[in-house]
Amino acid sequence: MLEPNRSAVYGAPLQAAYLDRKAAADVVALLGRCPAYRPTPLVPLPEQARSLGVAEIRVKDESARFALKSFKALGGMHAVLRLAMVLADVSADELLGERMRAAARKMVFACATDGNHGRSVACGAQLLGARAIVYVHHGVSAARVAAIAAYGAEIRTVQGSYDDSVRAVMADCTRNGWTLVSDMSWPGYVEVPRLVMQGYLAMAHEVLAALDAPPTHVFLQAGCGGLAAAVAGHLALVLGSGRPRIVIAEPARAACLFESNRQGRRLEIPPTEPTVMSMLECYEPSLAAWEVLERVADHFLLLAEDEAVAAMRALAFPQGEDAPLVAGESGAAGFAAARAACMRYRAALGITAESRLLVFNTEGATDPDLYRSLIGTGPA
Ligand SMILES: Cc1ncc(COP(=O)(O)O)c(C=O)c1O
């Protein structure tokens, strides 16, 4: 199902300097100080484009982001680095220096996660020599928990849902004076989630630097909306009236942005069945993200469970000259949305043979066993 943006503020100017061109350049300069930083590939899929009747499909392949296999590597890490610089009162030049290391030993960064965000926070803390404490709910797979612990984080397991783990980490941060690094935001807590979103600008910055002409359509998968808002907001600020159409894609089983758009306000939806796109399983939009998306998102699209798995397969076993891509269940969701758009919503989205589509493979096989069970072969 596809819905246009129904917000009263749709098309209103976006006041979000933290997502503009200079902000993105600063993010890349800061992350560039990390020895492992490299731009990720922008992969053309000419055969897929031909079969879907468009001029071009490109995939920004975040499965190669640092060693974390997900774009999330950018956000939590960026927020930890920026917060640590403020706490230690050091400049970017001293980020990996002795003064920061000494101060970081006393810092504790904590977060709740479904998997990828916790890994990113743990990685940033480890880089500086700070402590990370990551709260997971019992639905987070053992493979994903082990991947977070591999970055030196202490793991606290909470009974219940993701929301219960958020409540637990908030209470412990207040009690212990730890720094909460959440990718979700709510009234009174927007600055840190904005730093997380700002980290995602590196992707948009790299894409625009690599392309001769901007895309005509961008498909962005969403959980709480941070990724989508960062990319969509940046494109709107940088490209102005020449910006692409922005389509936000969510699992039909966890469509908090879609429902918020329908009702004309940010709202929490009741959980139903779990979705295979587990990193997108979110029942309330982030406030910071919603404030951007209600202005710049053009459409909201629902994805069925099997569409995500079919997209994983199409990327893993391509036809013709297309390179194979390893995309996890949530990673493939943007491509699933692009396929649905080309097959079912061409007129509504103005898709023609001239269209240039951009999608983000937001994660690789961050849970290799699950990947194997879904597509019948391992990521290797
Ligand atoms: C792989 C992947 N894709 C997409 C998303 C959605 O990002 P957001 O919650 O910022 O909308 C997430 C969130 O964790 C994710 O891990």
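Given the structure is predicted, the values throughout are model-derived calculations rather than measurements. Read the numbers this way: they start at 1 and go in the same order the structure lists the ligands and their atoms.
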query = Mind checking who shares a hydrophobic cluster with Leu287, ILVMFWY linked at side-chain heavy-atom distances under 4.5 Å?
reply = Val190
request  = Apply side chain to side chain donor-acceptor pair (under 3.5 Å) to Asp93 and list each qualifying residue two or more places apart in sequence or on a separate chain.
outcome  = Arg33
ask   = How about Arg21: does its CZ atom have over 12 heavy atoms from other parts shown lying under 6.0 Å from it?
value = no
message = If only side-chain N and O atoms count, and only distance matters, is there a donor-acceptor pair under 3.5 Å linking Glu281 with Tyr283?
response = yes
Give every pair made of an N or O atom of ligand 1 and a protein N or O atom lying under 3.5 Å apart, one pair per line with both atom names and the distance to 0.1 Å, or write 'none'.
residue: ligand 1; atom: 3 (N); partner: Thr362; partner atom: OG1; Å: 2.8
residue: ligand 1; atom: 9 (O); partner: Cys224; partner atom: N; Å: 3.0
residue: ligand 1; atom: 10 (O); partner: Gly226; partner atom: N; Å: 3.0
residue: ligand 1; atom: 10 (O); partner: Leu227; partner atom: N; Å: 2.9
residue: ligand 1; atom: 11 (O); partner: Gly223; partner atom: N; Å: 2.7
residue: ligand 1; atom: 11 (O); partner: Cys224; partner atom: N; Å: 3.3
residue: ligand 1; atom: 11 (O); partner: Gly225; partner atom: N; Å: 2.8
residue: ligand 1; atom: 11 (O); partner: Gly226; partner atom: N; Å: 3.4
residue: ligand 1; atom: 16 (O); partner: Asn116; partner atom: ND2; Å: 2.8

ask   = What do the steps show when you test Ser70 against Thr366 for side-chain hydrogen bond (donor to acceptor under 3.5 Å, both in side chains), and what is the final call?
value = CA-CA 8 Å; Ser70 152; Thr366 53; over 6 Å; no
request  = List in chain and number order the residues that pass salt bridge (Lys or Arg N to Asp or Glu O under 4.0 Å) with Lys22, two or more places apart in sequence or in another chain; answer none if no residue qualifies.
outcome  = Asp26
